[in-house]
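Read through the structure below, which is laid out as structure tokens, and then see the notes.
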Amino acid sequence: MKYKVLNKLKANMGLYVSGEALSEQLGVSRTAVWKYINELKSQGYIIESSSKKGYSLSEGPEVISAYEIGHGLETQVVGKDIKYFNELDSTNTYAKLIAAEGCADGTAVIAEAQTAGKGRLGRGWSSAHKKGIWMSIVLRPLIAPEEIQIMTLAASIAVAKAIEQECHVRPGIKWPNDVLLESKKVCGILTEMNCEIERINFLVLGIGINVNHDMEDFPEALREIAGSLKECCGGEVAEPKKEFSRKNIIRCILAELDVIYRRLNTENEEAYADEAKQIVDEWKKYSVTIGRRVKAAMKGQELVGVATDITRDGRLIIACEDGSIREVMSGEVSVRGLLGYS
Ligand code: BTX
């Protein structure tokens with residue numbers, strides 16, 4: 001009902017709607033209307049109240065909520081259930097918890113801030129309040145555990161496409177799934193999996209995107225390598241930079257992932273192979289890794305060479321300086337010229 005009140009106000013943006021009209025049209029008491037208005041205000045909506053004229057919603061800072069993201073979202077699996085929080089330690093940690101308790105396939109967990117955001121390999125992820133997108137998606141794919149990399153490539157493609165749509169720039173993807181703009185890291189993806197030998201019970205795709213950060217919103221140690229959409233494509237320095245809609249970007253990612261996930265989630269091997277090939281081909285179009293000199297840490301060994309391609313299941317192929325050809329499945333790969341590797 002609260003959102004019915006909101007929709008009436010949205011339909012009359014900037015104009016007053018009387019408490020009486022709202023109460024009559026929605027069939028609730030005026031006290032109930034007043035209660036819903038207060039709840040909406042506490043969520044961040046800017047609503048003027050006048051004892052004579054009623055209530056008026058004005059354009060204010062973007063409000064994100066499960067309702068705002070999910071309303072009108074035409075996905076079939078991904079984002080059908082959205083859990084929204086003002087703050088969590090880590091959306092991945094929470095998502096794993098609810099996944100183990102049996103939450104629906106495609107459930108998305110979103111927080112305005114993370115107090116212990118996680119990066120890969122035990123690293124941290126800086127997650128400033130209301131500046132970025134800190135989101136984890138629970139998936140229960142039919143694919144084998146060793147094919148999981150394809151899902152993380154798919155996630156980075158969904159993020160890249162969402163950035164293209166919202167910011168009208170083309171990002172690059174550093175293997176496996178750092179999304180970069182102007183050589184700065186604007187997005188990181190952490191995939192965690194719970195599996196048996198032959199099947200995945202669930203996986204959690206954790207997506208962190210720096211959206212409306214100014215440089216001072218990043219800890220000092222990150223300012224050389226981290227960037228935000230606002231910093232990288234919000235306009236000239238002299239002008240107030242443009243902020244981007246986190247809601248639109250989230251909705252776009254959920255929609256993209258929904259399509260890819262449903263196509264991949266098939267027991268028909270030919271259809272799966274075809275879809276995986278399309279993902280790999282699409283990923284390569286965004287790659288800022290292939291054809292570049294790379295350093296990779298693998299089982300305590302350092303591989304140095306040129307990244308030549310990725311395999312059908314997303315492994316990076318490196319033509320090493322010692323003449324060997326190696327495939328890297330996970331771990332850290334530095335690309336010369338990017339993020340501090342010179
Ligand atoms: P990563 O290991 O590739 O990147 C982590 C490294 O990146 C850090 O060690 C630091 O140097 C740098 N870094 C930390 N925070 C940021 C930032 N905001 N922007 C740019 N660089 C940064 C990438 O790991 C995976 C990150 C996933 C984050 C999401 S957020 C939602 C979900 N929940 C959660 O706890 N993690 C994921």
Side-chain angles (χ1 to χ4, degrees), residues 64 79 82-99 107-139 149 151-153 155-156 158-159 162-163 171-193 203-232 246 249-250 253-254 257 288-289 294-297 316 328 330-335 338-341:
I64 306 235
I82 297 171
K83 315 266 185 220
Y84 167 87
F85 299 88
N86 186 46
E87 186 178 284
L88 281 177
D89 51 354
S90 150
T91 54
N92 263 40
T93 304
Y94 184 81
K96 282 192 289 181
L97 204 75
I98 58 170
T107 300
V109 178
I110 297 168
E112 292 288 10
Q114 297 184 114
T115 53
K118 296 194 294 184
R120 295 182 304 133
L121 308 167
R123 295 183 288 231
W125 186 258
S126 162
S127 320
H129 188 241
K130 292 199 171 181
K131 294 286 172 183
I133 294 169
W134 323 126
M135 167 166 79
S136 300
I137 300 164
V138 176
L139 297 176
Q149 187 75 294
M151 282 311 309
T152 74
L153 298 187
S156 62
V159 170
I163 292 175
I173 308 178
K174 172 181 161 290
W175 189 90
N177 45 29
D178 283 344
V179 181
L180 310 183
L181 277 174
E182 297 177 353
S183 304
K184 297 268 188 126
K185 184 156 159 170
V186 295
C187 166
I189 297 174
L190 168 68
T191 310
E192 297 188 272
M193 169 166 71
L203 72 82
V204 170
L205 281 179
I207 300 175
I209 310 177
N210 306 322
V211 181
N212 289 324
H213 297 62
D214 294 309
M215 260 310 146
E216 50 277 17
D217 295 318
F218 291 110
E220 215 167 321
L222 292 183
R223 291 181 194 163
E224 283 287 304
I225 58 160
S228 70
L229 303 184
K230 180 180 175 186
E231 276 295 323
C232 296
R246 293 181 299 144
I249 297 171
I250 292 172
I253 294 171
L254 296 175
L257 266 181
V288 289
T289 308
V294 295
K295 260 194 319 202
L316 186 69
V328 181
S330 62
E332 193 54 15
V333 169
S334 311
V335 179
L338 294 177
L339 306 177
Y341 171 31

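What you see below is based on every heavy atom in this structure, not just the backbone, and it leaves out hydrogens, waters and symmetry mates. Everything numeric in this text was worked out from a predicted model, so none of it was measured. Both counts, for ligands and for their atoms, begin at 1 and track the order of listing.
- Counting atoms of ligand 1 from 1 in the listed order, those under 4.0 Å from a heavy atom of Thr91 are 31 (C), 32 (C), 33 (N).
- A 4.5 Å side-chain heavy-atom check between Ile133 and Ile110 finds every atom pair outside the cut-off.
- By the neighbour-count criterion of 12 heavy atoms within 6.0 Å, atom NZ of Lys83 is sparsely surrounded, having that number or fewer from other residues, nucleotides or ligands.
- Of the protein's non-hydrogen atoms, Lys185 NZ, 3.0 Å is the one closest to atom 4 (O) of ligand 1.
- Protein heavy atom in closest approach to atom 29 (C) of ligand 1: Gly208 N, 3.6 Å.
- Those atoms of ligand 1 with a heavy atom of Gly124 less than 4.0 angstrom away are 5 (C), 8 (C), 14 (C).
- In this structure, atom 21 (N) of ligand 1 lies nearest to the protein heavy atom Trp125 CZ3, 3.7 Å.
- Applying the 4.0 Å criterion to heavy atoms of Lys118 picks out, from ligand 1, the atoms 26 (C), 27 (C), 28 (C), 34 (C), 35 (O), 36 (N), 37 (C).
- Atom numbering of ligand 1 starts at 1 in the shown order; those under 4.0 Å from a heavy atom of Ile225 are 11 (O), 12 (C).
- Phe85 and Tyr94 have perpendicular rings, their planes meeting at more than 60° on a 0 to 90° scale where under 30° would count as parallel.
- Scanning the protein heavy atoms around atom 23 (C) of ligand 1, the nearest turns out to be Gly188 CA, 3.8 Å.
- Side-chain contact between Ile173 and Val159: absent, with no pair of heavy atoms (C-beta onward) separated by less than 4.5 Å.
- Trp175 places none of its side-chain heavy atoms less than 4.5 Å from the side chain of Val294.
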Salt bridge (charged side-chain N to carboxylate O under 4.0 Å, His left out) between Lys118 and Glu192: does it pass, once the steps are laid out?
CA-CA 11 Å; Lys118 296 194 294 184; Glu192 297 188 272; 3.2 Å; yes
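- Looking from atom 13 (N) of ligand 1 to the surrounding protein, the closest heavy atom is Leu222 CD2, 3.6 Å.
- Residue contacts with ligand 1 for Arg123 involve side-chain atoms from C-beta outward but no N, CA, C or O (heavy atoms, distance under 4.0 Å).
- Looking at heavy atoms from C-beta onward, Lys230 lies out of side-chain contact with Lys131 at the 4.5 angstrom threshold.
- In this structure, Ser136 counts as a contact residue of ligand 1, since one of its heavy atoms falls inside 4.0 Å of the ligand.
- Glu112 places none of its side-chain heavy atoms less than 4.5 Å from the side chain of Trp134.
- Within the structure, ligand 1 has Ile207 among the residues with a heavy atom less than 4.0 angstrom away.
- Residues Asn86 and His129 meet the side-chain proximity criterion, which asks for heavy atoms closer than 4.5 Å.
- For atom 20 (C) of ligand 1, the nearest non-hydrogen atom of the protein is Ala226 CB, 3.4 Å.
- Residues Ser126 and His213 have side chains not in contact (no heavy-atom distance under 4.5 Å, counting atoms from C-beta outward).
- Near Gly117, meaning under 4.0 Å from one of its heavy atoms, ligand 1 places the atoms 35 (O).
- If you check which protein heavy atom lies closest to atom 15 (N) of ligand 1, you get Ser126 N, 2.9 Å.
- In this structure the side chain of Arg246 never reaches within 4.5 angstrom of the side chain of Met135, judged on heavy atoms.
- The ligand atoms of ligand 1 that sit less than 4.0 angstrom from a heavy atom of Met135 are 31 (C).
- Atom 30 (S) of ligand 1 has its closest protein heavy atom at Gln114 NE2, 3.3 Å.
- Atoms of ligand 1 found under 4.0 Å from any heavy atom of Asn210 (numbered from 1 in listed order, with element): 17 (C), 18 (N), 19 (N), 20 (C).
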